[in-house]
Protein chains: 2
Amino acid sequence: MARTGRPREFDRDKALDAALTLFWTQGYEPTSLNQLKTCMGNISPASFYAAFGSKEALFREVVQRYLETYGQVMAPLWDETLAPRDAIEQTLRRSARMQTTRSHPTGCLIVLGACNCSPENEPVQTLLAAQRERSRKGFQACVARAVAEGELTDTPVTKTLPTLFATFLHGMACEARDGNRAKKLDDAITTLMQVWDSLALTA
Amino acid sequence: MARTGRPREFDRDKALDAALTLFWTQGYEPTSLNQLKTCMGNISPASFYAAFGSKEALFREVVQRYLETYGQVMAPLWDETLAPRDAIEQTLRRSARMQTTRSHPTGCLIVLGACNCSPENEPVQTLLAAQRERSRKGFQACVARAVAEGELTDTPVTKTLPTLFATFLHGMACEARDGNRAKKLDDAITTLMQVWDSLALTA
DNA sequence: CCACTTCCGGACCGCTTAGTATAGAAAATT
DNA sequence: AATTTTCTATACTAAGCGGTCCGGAAGTGG
């Protein structure tokens, strides 16, 4: 469709990426509009609001972008062509590597992006909490699939696996933010996966 | 020592507890002086600064108080009268119960208290990071003690245990904040401890 | 070339922030 | 009772917050 009028002078995608980096580093609330406008190429408030609507709307776009890029390390969790065990292991290992890579902020935007929020920004917290819940459901689905395929037996111990993996996954955000390197987390994942194997063996 | 002059009218300890609850719930930055003064019994700015110095100084006192009370669930980690495995298990189980108890805010102040910080409040982040590092060292010490006592063998796998437990511990803060109950985490801990047992068996 | 659409820069909005200065009252010690 | 100390309340600062508005600039379609 024909787009008339003066075209915007900044690259909306580049600006979004810059905002993503800033939000990822500092989190939602401490990131001010001034910082955002500066890092997005010294755009004016008017340009900002015309392009993104509000700080919260921008953050929602940023989260979406994150999920579509960096967040794809979690994709194996919902890939039913993978064996359930491999899906979980790949998710953990890829998350560990991604969260510790130094070419972008460390840790996980979904876990750390809105930990400290005033009551008025509760919707933002809720947004990220929903994504974390999605991850938990992913682990549950993998374990359920393993039971269905006969790889694991449906015991009380098996039922604890999703929480075990989800807790470890979310904990990696803290470890990565605190400076732990990929190898350390990766080695811990190797050990953690032994839990799965020992349950599979006794089946 | 003799303390002359008019005594303060509010209970400093109660005020500190109120501030602890508020900081625990919201985190450092989003908690404003107005909120603090209100919850501490409608004290005046002058009284506040006379009694606590600054927002940051108050937070440091709050962290200290937290460590001396709720944070004591981690005490087993440095209790050398306990078997290393028991020390770790107790630390995890007590943390799980404490962090999910509803008579106070959920999650862990040390993990969640200053996730989202502007650059100017980096010292606050550093304060909590140092405490998290202390926890990691605690797990390391327990594993080292287990090796020294012959309970575990000094293998590459054994070396991954501290990171495994620390990551899980810190992850519990996220799970508790998201509404998970004690039993769910406790059951996951039971499964996680199997890792230790399987390594001890092969020794 | 003109009309129209859109964007940009900057002034500006009301409100909140952490923190201070001041003045006077109240309570303890001497 | 005089002195010392710290309280209270209130007004205040300078800066920053998210967000709005407007006049003019810049581009497009007819």
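All chains are named by letter (A, B, ...) in the order of the sequence lines, taking the proteins before the strands, and each is independently numbered beginning at 1.
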Whole-Å gap separating C1' (dT16(C)) and CD (Glu29(B)): 14 Å
Distance in angstrom units between Arg6(A) CZ and dG29(D) P, rounded: 17 Å
From Leu185(B) atom CG to Glu175(B) atom CD, the distance as rounded to the nearest 0.5 Å: 7.0 Å
Separation of dT10(D) P from Ile43(B) CD1 (nearest whole Å): 15 Å
Sugar-phosphate, base or nothing in reach of Thr31(A), heavy atoms under 4.0 Å: sugar-phosphate
Validation row: Tyr49(B), Leu33(B) side chains within 4.5 angstrom (heavy atoms): yes
Side chain of Ser32(A) (C-beta onward), nearest among dA25(D), dA28(C), dG18(D): dG18(D)
Phosphate contact (dC7(C) OP1 or OP2) by Ser47(A) side-chain N/O below 4.0 Å: no
Any donor-acceptor N or O pair under 3.5 Å, side chains Thr163(A), Thr160(A): no
Proximal nucleotide (of dA18(C), dG18(D), dA25(D)) relative to the Lys55(A) side chain: dG18(D)
Separation of atom CG in Leu36(B) from atom P in dT17(C), rounded to whole Å: 10 Å
Minimum-distance nucleotide to Ala46(B) side chain [options: dA27(C), dA21(C), dA11(C)]: dA21(C)
Side-chain donor/acceptor of Gln26(A) to backbone N/O of Asn116(B), under 3.5 Å: no
Touch class at under 4.0 angstrom, heavy-atom based, for Phe10(A) against every strand present: sugar-phosphate
Residue closer to the 5' end of DNA chain C, Pro45(A) versus Ser54(B) (nearest nucleotide): Pro45(A)
Under-4.0 Å side-chain N/O to phosphate OP1/OP2 contact, Asn34(B) with dT17(C): yes
Atom pair CD/OH of Glu56(B) and Tyr28(B) - distance to nearest 0.5 Å: 5.0 Å
Distance, rounded to the nearest Å, where Gln35(B) contributes CD and dA18(C) contributes C1': 13 Å
Value in whole Å for how far the P atom of dA21(C) lies from CZ of Phe48(B): 16 Å
Interatomic distance, Lys37(A) NZ vs dT20(D) C1' [rounded to whole Å]: 12 Å
Side chain of Tyr49(B) - closest among dG19(C), dC8(C), dG18(D): dG19(C)
Presence of Arg8(B) side-chain N/O under 4.0 Å of dC7(D) phosphate oxygens OP1/OP2: yes
Whole angstrom value for the distance that separates P of dG16(D) from CD of Glu120(B): 9 Å
